[in-house]
Every structure is written in C-alpha cells, then in structure tokens.
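Since the structure comes first, as structure tokens, the remarks are kept for the end.
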Amino acid sequence: MLTTGPRGTKDILPDNSGHWQYVEKIIREVCHNFAYQEIRTPVFEHTELFLRGIGDTTDIVEKEMYTFTDRAKRSITLRPENTASVVRSYLENKLYSGPQPTKLFYIGPMFRYDRPQAGRYRQFHQFGVEAIGAQGPAIDAEVISLAVGFLNKLGLSELKLLINSVGCPNCRPVYRTKLQEFFREKLPHLCSDCQSRYDRNPMRILDCKNETCAEYSQGAPHMLDCLCEECSSHFAGLQELLTAAGIHFMINPRLVRGLDYYTKTAFEIQYSPLGAQSAVCGGGRYDGLIAECGGQPTPGIGFAIGVERVLLALEKQELLPKFTNAIDVFVAPLGTETRAAAFQLLTEMRRAGIAADMDFMNRSLKAQMKYANKYPAKYVALIGEDELAEQKVMLKNMETGSQELMDRSALVPMISEGMEK
RNA sequence: GUGGCUGUGGUGAAGUGGUUAACACGCCGGAUUGUGGCUCCGGUACUCGAGGGUUCGAGACCCUCCAGUCACCCCA
C-alpha cells in the first residue's frame, strides 16, 4: 500500500515532534553536564560487526536483524543497537589516542524485526552512552548516575534500578558449569526454549518467565556467589559508590542482559506502569568487546534508553510540556491587488525575527480572522485597497480586540518592541 | 515466530441480513457593507481494510490475506 508505512514504523507528526525535541534537549543538557560528547555513526554496518559484537546466539542476531545484500554483494545490516558501531568507530578513528576515557553519547534510530506492540517498534530510537577505556567501578557508577539523572530530570518517579554482576571470562565458565549441573536432571521439565538455552546460554534460564521453569530454577546457584576476586570487589565497589551518591538500587541476581558482550556490571531501569515493556534502560560493562572487534583489550561500559518508552512514561505521568503554535502576526490581504504588498510585509517581519504567516488560500477576511485565531496569532495585519493606496496597515490586537491604522514602516519596529518586553 | 481482540468518513463512533450508511467532533463555507473566539445554518463516505464465498439480498455470516492493538518470546 502506498499510503501505509511498513509494519512497526511510526511517523512523528507535528503533534508530538515537540515532545521529541524536548527529550532530546534534556539528553544534550545531561550529557554536557556529565562531559559526554555526541557521536553519530551510520545506521547500517557490515553484518559481521553485529555477528561478532552482539553474539551470534542472541535473539537479536538470530531473528531480529534487518540484513540485506547490497549491489556489490556485501552483507549489510541496519543497526539493531549502537554499541558495536560506536566501538567500531572508536577503533577506526583511533579515538583511543585521545584523552581517556572516551565518553560518548548518541541518539538515533535502531532497527529490529520484532512483532510490534506497546512500546516496541521495528524502527525505534535509543539514547545511549558509552564510556570506553576505564576499568574501575567508578565509571560504572557515573554511567548509571547519568541514566538515573536523565530520567529524574524529566520528572519520572517510580523507577527501579536493578543491578547485577554477570562475571568475567574467568569466573563465568565456572558458574556456567555449576548451573548446567544444577539443571541437568531438571532439563526434561523445562520449556523448549530453556532446553536450548541449556547448552547455549544457561544463565538465561534464570530469566525465563515460564512458571514451571521459574519453579525449577528455585535454589539455583547465583552468579554472585561464584564471582572471582576481581569481579566481586568490582561489584562491591560499585555498590559503595552508588550508595555514596544516594542512588537507590536493588540487586537482582537473575538480571541477565540479552547481549553476549556484557561482563561484570549489568543493570536495568524499569518503569513498571509501562506494563510488558517496562525496561526503559538497559546497560552494562563490556570488557571483552573491543578486543573481540580487533582492538587492544580495552574495558567499556554503556547503556541504552528507549526514547519511545520514555515518551510513553512521560505521557502517562503527564510530564510533557505543552507546546504552542502561536505566532506574532498573521497578515491578511484583501483582494489580489494587495497580495504583493502583504507578502513584502510578511517577508520584512520574518527577516526581523517576527514569527508571521499569511493567507495562501484566497479566503474572505472573515475566514482569515478565524484562521488567525486558531494559531493563535497575537496580531492580524490587514491590508485592503485603502491601506494599499496609503501605505498603511490596519493592525488588530487579537487579545484585546482593538485596532489601529498605522504606517506600514512603523509595523516592524512596533512589533519588535513589544516582543522585547 | 505463537495467541487474543479489532478494522465503517479527517477523528471518535452508531449500525447484530433487506430501500437513499445515524450522531458528535474536525475541516471548509455562510449568517446584507472589510474583522476572530460564542451561537445558528450549510457542505464534506465513487473500496464500510483487501480478495473470495454463502444468500433473492451482506457493512453485517463463512474462509483467506493484510493492517492495527494487546500479550507471549525477547528487549529499549
């Protein structure tokens, strides 16, 4: 259908583009406040980047990517998330040669072939942050603090910050084996998804919402009990910092992120009134990713926030500012003879920074007044035959209803002066 | 990928097999001379999501597809 957009896409119409601008403005303010700089990477990358970066057993890679072959037979994928791209750019542009850590943020569209539902689209937008090069827990705390700070600045409450540690290549295999041992005999009772998770990523069994699986995973060993010395102290350090900063959090040992590259810190911020799509922010540390992409081993941490979900939450809590289309002056020409003079006046006002519009529909004066009233327009500048002949303009104040005949040359100074007050 | 619900004008919606498809809002126009917000009047549906079928007759019943929506999965 020519008149229907592709499934799972949404137009941002004049009705709410102002809301997007508002959220983007807050994003930029908060990022500046935290000394993060904007990066803009392409919306498509070599498919290989996501296969390697995100992990080829993840749901995203297995069934949600928009992948196609370009005319030169290269496999290209629309980015399903932005961390891999940022890491690629960091390496390609040698950002590691600048002062460290490299602190970046981005806002932009991501693409996942999912079934659309409330708060979930095939093209959606993420605001995210990546801090590359620092390994201690302090940067973790900063990144989390930024996410929380952003959401708070928008006025959102009822937020839940969940944190966990998913270990590192030293301790995770140990844990993985323990988990597999724990589930070995229970395996036939688990759902089919979990049965396949058993081999590929047993940690995600813990995350299964299936009741039976949840029952069988009761008493499973926790990652937190299996952390190596380093991961353990990192996690403890993070908690200490968050507490010091007055950021409330809950430890959720079952929190597992869906992407393979996460190590140590994993976190999520939930806004439960959103229902099924309550995850507003997800992030974590990815100490192995940069090396995986061919760089020197370099630690990193970041998060992504779903802009549509934030907007839904703001709408729900009625936290969106009201926007107005109000203009200063509406120019109403009467008759075709006066159009040139009207257009000249309009242009003059616009050049002086006055928000102005005029009639383009050849409407009657009455209809023009109605139209001007809908903006609303503060003034209507009327030019009829009489005014045209005398170089005048009839200026009507739409709030008070009073009007006066004035020299056309006096109009711009008069309006400008009024605007400065 | 799986399941539930829905699909009538720009919008919200009546209509539950039988002549010209309610109503409200919006939009456009008008209510004697060049003037808005209130009121009044008028105009605004050549695919009732698409295609097939049942019937003398279908917007209404059946099938298929498509789309929206919600949920599962997963995630932002």
Side-chain angles (χ1 to χ4, degrees), chain A residues 1 3-10 13 15 54 57-64 79-83 107-128 147 151 191-194 196-197 201 204 207-211 213 255-259 268-271 274-283 302-313 330 332-335 338 359 361-388 394-403 405:
Chain A
M1 279 281 217
T3 55
T4 312
R7 185 157 205 210
T9 63
K10 202 157 206 163
L13 299 172
D15 277 0
I54 299 174
T57 63
T58 56
D59 278 20
I60 292 181
V61 168
E62 279 190 334
K63 47 189 198 194
E64 296 176 3
R79 63 182 183 195
E81 57 98 46
N82 209 21
T83 300
I107 316 172
M110 308 294 156
F111 306 84
R112 290 185 200 173
Y113 192 90
D114 241 4
R115 193 115 176 230
Q117 71 186 72
R120 198 170 76 188
Y121 306 95
R122 287 183 175 178
Q123 177 177 168
F124 62 102
H125 297 75
Q126 288 187 335
F127 150 47
L151 296 167
C191 71
S192 57
D193 280 340
C194 284
S196 66
R197 284 170 181 148
N201 193 348
R204 283 170 60 196
D207 212 27
C208 186
K209 274 79 180 178
N210 182 301
E211 274 184 39
C213 297
L255 178 68
V256 181
R257 310 255 81 243
L259 290 67
E268 183 167 311
I269 300 175
Q270 297 182 344
Y271 176 74
L274 244 36
Q277 260 62 46
S278 62
V280 152
C281 171
F303 68 72
I305 286 180
V307 179
E308 281 84 354
R309 289 184 186 178
V310 166
L311 251 7
L312 274 179
F330 183 82
L334 269 183
T338 61
D359 174 64
M361 304 294 283
N362 287 315
R363 278 187 257 245
S364 68
L365 178 61
K366 185 196 193 84
Q368 291 192 56
M369 296 299 292
K370 278 192 182 183
Y371 187 79
N373 196 50
K374 268 173 209 159
Y375 272 97
K378 209 178 295 170
Y379 296 98
V380 167
L382 172 63
I383 300 186
E385 302 294 332
D386 302 346
E387 289 81 1
L388 183 67
M394 182 67 85
L395 187 69
K396 173 155 184 170
N397 182 322
M398 295 296 275
E399 281 151 31
T400 63
S402 64
Q403 62 181 21
L405 190 64

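To find a chain, count down the sequence lines: A is the first, B the second, and so on, and within it residues start at 1.
Among the atoms of the strands shown, only primed sugar atoms or phosphate atoms (P, OP1, OP2) are found under 4.0 Å from some heavy atom of Ala118(A). Residue contacts for Tyr121(A): at a heavy-atom cut-off of 4.0 Å it reaches a base atom on one of the strands shown. Contact annotation for Gly401(A): base contact, defined as any heavy-atom pair under 4.0 Å involving a base atom. Counting any heavy atom pair closer than 4.0 Å across all strands shown, Glu64(A) reaches sugar-phosphate atoms only and no base atom. Residue Gly119(A) is in base contact, counting any heavy-atom pair closer than 4.0 Å across all strands shown. Residue Gly283(A) is out of contact with every strand shown, counting any heavy-atom pair closer than 4.0 Å. If you check every strand for non-hydrogen atoms under 4.0 Å, Leu334(A) touches a base.
One interatomic measurement links the two molecules: CZ of Arg7(A) to P of G49(B), which rounds to 18 Å at whole-angstrom precision. When the P atom of U35(B) is taken as reference, atom CD of Gln403(A) falls 10 Å away, rounded to whole Å. If you measure from atom CD1 of Ile60(A) to atom C1' of G1(B), you get 16 Å, rounded to the nearest angstrom. One interatomic measurement links the two molecules: CZ of Arg115(A) to C1' of U69(B), which rounds to 10 Å at whole-angstrom precision. Nucleotide C75(B) holds its C1' atom 15 Å from the CD1 atom of Ile269(A), rounded to whole Å. Whole-Å rounding puts the Gln368(A) CD to G36(B) P distance at 12 Å. Whole-Å rounding puts the Lys63(A) NZ to U2(B) P distance at 12 Å. Rounded to an integer number of Å, the gap from Asn82(A) CG to C75(B) P is 18 Å.
Residues passing the side-chain contact (heavy atoms from CB on, under 4.5 Å) test with Ser364(A) are Lys366(A), Ala367(A), sequence neighbours excluded. For Asn362(A), the side-chain contact (heavy atoms from CB on, under 4.5 Å) partners are Arg339(A), not counting sequence neighbours. Residues satisfying the side-chain hydrogen bond (donor to acceptor under 3.5 Å, both in side chains) criterion with Glu62(A), sequence neighbours excluded, are Arg200(A). Partners of Lys378(A) according to the salt bridge (charged side-chain N to carboxylate O under 4.0 Å, His left out) rule, which considers only residues two or more places apart in sequence or in another chain, are Asp328(A).
Nucleotides G59(B) and A50(B) are separated by 11 Å at their P atoms, to the nearest Å. The P atoms of G4(B) and C62(B) are separated by 15 Å, rounded to the nearest whole Å.
U44(B): Watson-Crick or G-U partner is G26(B), with both key distances under 3.5 Å. Partner assigned to C65(B) is G49(B), using Watson-Crick or G-U wobble distances below 3.5 angstrom. Checking A21(B) for Watson-Crick or G-U wobble geometry (two distances, each under 3.5 Å) identifies no partner in any strand. Using the Watson-Crick or G-U wobble rule with both distances under 3.5 Å, U16(B) pairs with nothing in any strand shown.
Between the base of G34(B) and the side chain of Glu387(A) there is a donor-acceptor pair shorter than 3.5 Å.
For the pair Gln117(A) and U69(B), the criterion of a side-chain N or O lying under 4.0 Å from OP1 or OP2 is not met.
The side chain of Asn373(A) approaches G36(B) more closely than any other nucleotide in the set A67(B), U35(B), G36(B). Listed nucleotides G36(B), U69(B), A76(B) differ in distance to Arg112(A); the shortest reach to its side chain belongs to A76(B). The nucleotide whose nearest atom lies closest to any side-chain atom of Lys396(A) is, among G3(B), G36(B), C75(B), G36(B). Set against U69(B), U35(B), A76(B), the side chain of Arg120(A) has A76(B) as its closest nucleotide. Each of G36(B), G68(B), C75(B) was ranked by its minimum atom distance to the side chain of Arg309(A); first place goes to C75(B).
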Give the table of side-chain donor-acceptor pairs shorter than 3.5 Å for residues 120-127 of chain A, with sequence neighbours excluded, one pair per line with atom names and distance.
| from | atom 1 | to | atom 2 | distance (Å) |
| --- | --- | --- | --- | --- |
| Arg120(A) | NE | Asp114(A) | OD2 | 3.4 |
| Arg120(A) | NE | Arg115(A) | O | 3.0 |
| Arg120(A) | NH2 | Arg115(A) | O | 2.5 |
| Arg120(A) | NH2 | Gln117(A) | OE1 | 3.3 |
| Tyr121(A) | OH | Lys10(A) | NZ | 3.4 |
| Arg122(A) | NE | Asp114(A) | O | 2.7 |
| Arg122(A) | NH2 | Asp114(A) | O | 3.3 |
| His125(A) | ND1 | Glu308(A) | OE2 | 2.8 |

Take Lys396(A) and Leu382(A) through the test side-chain contact (heavy atoms from CB on, under 4.5 Å) and record every step on the way to the result.
-> CA-CA 8 Å; Lys396(A) 173 155 184 170; Leu382(A) 172 63; over 6 Å; no
Tabulated below should be each protein N or O lying under 3.5 Å from an N or O of nucleotides 26-32 of chain B; please produce it.
| from | atom 1 | to | atom 2 | distance (Å) |
| --- | --- | --- | --- | --- |
| C28(B) | OP1 | Arg363(A) | NH1 | 3.4 |
| C28(B) | OP2 | Lys374(A) | NZ | 2.9 |
| G30(B) | OP2 | Ser364(A) | OG | 3.4 |

